[in-house]
Amino acid sequence: MTTITHLVLREIGLSLREPFRTSSGLTHYRRILLVEAYDADGALGWGECVAEESPAYSPETVDTARSAITAWVAPAVLGRPFAGPEEVGAALERSFRGHPMAKAAVEMAAWDLAAQEAGVPLARLLGGTRERVEVGISLGIQGSPAALARRAAAAAAEGYRRVKVKVAPGEDVAFAAAAREAVGEGFPLSLDANAAYSLEDLGVLQRLDALRPAMIEQPLAADDLSGHARLQASLQSPICLDESVTSAARAADVIAFGAGRIINIKPGRVGGHGAARAIHDLAQRQGVPVWCGGMLESGIGRAHNVALASLPGFTLPGDLSPSRRYWKRDVVHPEWVMAGGCLALPLDRPGIGVEVDREFLEDLTVRREELRPGNRP
Ligand code: OSB
Ligand code: MG
């Protein structure tokens with residue numbers, strides 16, 4: 001039984017070591033919403049909201065998520081006894097529509113809290129079986145194909161198990177071809193379009209297909225499952241869906257309609273660990289490979305992603321780069337480090353398995369509020 005007595009909602013600011021460019025925009029600074037969920041004994045679970053500053057990737061933003069958590073998520077969970085963390089996501093789903101990133105931030109904090117209370121690693125509470133998870137890197141759009149080729153070659157040499165390259169109309173075939181040349185024929189190279197193409201771009205997409213990518217991620221609009229199904233039928237490479245998969249029901253549609261052959265699971269995008277695990281389970285039953293995506297998380301969100309990625313159906317490397325790929329200094333101890341192309345699960349500690357650097361967090365905090373039962377906005 002878990003009851004969340006109060007929540008702390010905090011926004012921090014963290015500068016990326018290098019700007020990250022995709023078809024939907026440029027990020028050099030992350031506004032990150034963090035959630036602390038407390039029980040009556042003072043045990044604490046951490047969550048991180050993956051919403052970005054602008055609604056480029058999905059309709060949610062840092063500001064809409066803060067508003068939704070304050071007005072709708074917190075009142076639906078605070079002071080209510082839950083038999084287990086799997087019930088938190090279900091209660092939120094019944095409670096109000098949409099806002100999966102806002103829901104996930106609190107739902108995932110509830111999972112960490114439950115794991116802390118039980119004294120077990122979150123990875124094991126979720127049903128994870130791995131001791132380490134394979135890491136792939138996601139490279140933003142670079143200034144030139146040659147610059148991208150250098151980055152891709154360096155990443156492969158560093159031990160990353162897969163290199164993913166962002167593509168956008170006009171910055172696609174030459175860039176992807178340079179990356180392919182740099183990593184070599186057999187190396188897992190994938191392409192992520194972040195929904196930037198339409199079926200009118202079939203010619204370009206077929207030229208990308210000819211480079212034999214491990215997958216083409218989210219070529220078309222998020223809501224266009226029938227377009228993806230038609231495109232998949234005219235490509236050799238598997239399509240992987242990211243933005244399109246906002247729930248377990250949508251994941252089932254993707255598989256049923258043949259809109260993709262691989263699914264990128266981000267717990268922060270789909271409403272939390274409960275939904276993420278449901279997608280994992282149904283994909284596993286249908287023989288569809290899944291991997292864990294990332295949203296440039298701090299070490300807290302990364303800990304949640306790593307725990308989830310330890311489930312057996314996560315058979316492909318995730319966007320789970322180590323701390324130093326993103327930040328000069330991460331907010332957790334120990335920082336996430338890659339060894340042999342993998343991150344090790346911190347199984348010697350309960351919950352998310354890393355300690356949050358409270359002092360550093362205070363320095364980074366731009367806004368903080370406490371949410372308790374009854375104090376509705
Ligand atoms: O599409 O997978 C994506 C980052 C922000 C938003 C969307 C995406 C990404 C990435 C980065 O590709 C993955 C990472 O966190 O390393
Ligand atoms: Mg993606």
Side-chain angles (χ1 to χ4, degrees), residues 14 16-32 48-62 65 100-101 104 133-142 148 151-152 155 158 160-168 179 189-197 213-222 228 238-246 251 254 260 262-270 276 290-306 308-309 316-327 330 336 338 341 343:
L14 268 182
L16 285 164
R17 284 173 60 141
E18 61 175 23
F20 188 74
R21 190 153 72 87
T22 74
S23 65
S24 44
L26 181 74
T27 309
H28 49 87
Y29 174 83
R30 288 279 286 117
R31 291 174 59 195
I32 300 177
E48 175 170 335
C49 185
V50 300
E52 298 176 310
E53 175 150 16
S54 78
Y57 169 87
S58 90
E60 291 182 87
T61 69
V62 175
M101 293 178 173
V133 295
E134 288 190 294
V135 179
I137 193 170
S138 174
L139 293 174
I141 298 169
Q142 307 292 312
L148 177 64
R151 294 302 308 271
E158 248 188 280
Y160 282 100
R161 301 288 179 98
R162 180 264 290 144
V163 171
K164 164 171 129 180
V165 163
K166 295 287 184 177
V167 290
L189 170 71
S190 57
L191 308 174
D192 189 355
N194 289 109
Y197 294 90
M215 68 196 81
I216 302 178
E217 187 174 337
Q218 199 68 45
L220 310 178
H228 279 108
I239 289 176
C240 168
L241 291 180
D242 173 355
E243 284 91 328
S244 289
V245 182
T246 48
V254 165
I262 298 176
I263 293 176
N264 167 333
I265 303 181
K266 297 175 180 173
R269 182 195 68 222
V270 300
V290 304
W291 54 280
C292 185
M295 296 283 295
L296 310 176
E297 288 91 345
S298 82
I300 295 171
R302 192 159 320 284
H304 279 282
N305 289 348
V306 167
L308 181 73
L316 297 169
D319 280 342
L320 301 165
S321 289
S323 301
R324 62 179 212 100
R325 188 257 180 285
Y326 309 95
W327 323 112
D330 205 340
W336 293 97
M338 184 168 78
L343 298 185

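The structure presented is a predicted model; accordingly, all values stated were derived computationally and were not measured. All ligand and atom numbering here is 1-based and tracks the order in the structure.
- Looking only at heavy atoms of the protein, atom 16 (O) of ligand 1 is closest to Tyr326 OH, 2.6 Å.
- Gln218 and Asp192 form no side-chain donor-acceptor contact under 3.5 Å, judged by distance and modelled atom types alone.
- Within Asp242, the N, O or S atom lying nearest to the Mg ion (ligand 2) carries the name OD2.
- For the residue pair Asn305 and Lys266, no side-chain donor N or O sits within less than 3.5 Å of a side-chain acceptor on the partner.
- What you find for Ala276 and Ile265 is that their closest heavy atoms are CB-CG2, 3.7 Å.
- Close contacts between ligand 1 and Asp242 involve ligand atoms 1 (O), 2 (O), 3 (C) [criterion: under 4.0 Å to a heavy atom].
- Scanning Asn264, Leu320, Asn194, Leu296 for the heavy atom closest to atom 1 (O) of ligand 1 points to Asn194.
- Nearest heavy-atom pair across Leu343 and Leu320 is CD1-O, 3.2 Å.
- Residue Glu52 has at least one heavy-atom neighbour below 4.0 Å for each of these atoms of ligand 1: 5 (C), 6 (C).
- Of all protein heavy atoms, the one lying nearest to atom 13 (C) of ligand 1 is Gly294 O, 3.5 Å.
- Salt bridge Glu158/Arg324: present, at least one basic N to carboxylate O contact under 4.0 Å.
- Residue contacts with ligand 1, taken as heavy atom pairs separated by less than 4.0 Å, involve Glu217 solely via side-chain atoms from C-beta onward.
- For the Mg ion (ligand 2), the nearest N, O or S atom contributed by Asp192 is named OD2.
- Ser298 and Glu48 share a side-chain donor-acceptor pair at under 3.5 Å.
- In terms of N/O distances under 3.5 Å, ligand 1 is approached by Asp192.
- Against a heavy-atom cut-off of under 4.0 Å, Lys164 is close to the following atoms of ligand 1: 2 (O), 3 (C), 12 (O).
- Nearest to the Mg ion (ligand 2), among the N, O or S atoms that Glu217 has, is OE2.
- Arg30 and Ala51 get closest at one heavy-atom pair: NH1-O, 3.7 Å.
- Closest non-hydrogen pair, Leu316 versus Trp291, comes out as O-CB, 3.4 Å.
- Geometrically, ligand 1 and Lys166 share a nitrogen or oxygen pair separated by less than 3.5 Å.
- Of all atoms in ligand 1, numbered sequentially from 1 with element shown, those under 4.0 Å from a heavy atom of Ser138 are 10 (C), 11 (C), 12 (O), 13 (C).
- Taking any N or O of Tyr57, backbone or side chain, none lies under 3.5 Å from an N or O belonging to ligand 1.
- Scanning Lys266, Met295, Arg30 for the heavy atom closest to atom 2 (O) of ligand 1 points to Lys266.
- Nearest heavy atoms, Pro267 versus Leu308: CD-CD2, 3.7 Å.
- Here the closest non-hydrogen pair linking Arg325 and Ile137 is NE-CG1, 3.6 Å.
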